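In what follows, a single structure is set out as structure tokens and then discussed.
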Amino acid sequence: MSSLVIDLVLFGLAYVILIYLMATMTKNSIKKKGSGEDDGDGGIEDFTPPKIDLPPGVQWPSDSPKSRRPEPVEY
């Protein structure tokens, strides 16, 4: 057998062993996470959008005055 075939077999075996170890290690944390009453990382949930600082002269369409009407255009 050439060294390439031996290397591929060894890398494949190492890959299978690593996947098996990762699966067995994470299986316990998945079981603990689903059965506990812990619903997250804690803290206060804030779903309000952030206030973005716009450059001078730029404003959001929702912040513009409502009473302004467009001027009629003559053709």
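Remember, predicted model here, so these are calculated numbers, not experimental data.
- Nearest heavy-atom pair across Thr24 and Leu21 is OG1-O, 2.9 Å.
- Looking at heavy atoms from C-beta onward, Ile6 lies out of side-chain contact with Leu4 at the 4.5 angstrom threshold.
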Go through it in stages, so that I can follow the logic: the residues are Ile17 and Ile19, the test is side chain to side chain contact (heavy atoms under 4.5 Å, CB included), and I'd like the CA-CA distance, side-chain angles, deciding distance and then a yes or no. CA-CA 6 Å; Ile17 290 172; Ile19 295 298; over 6 Å; no
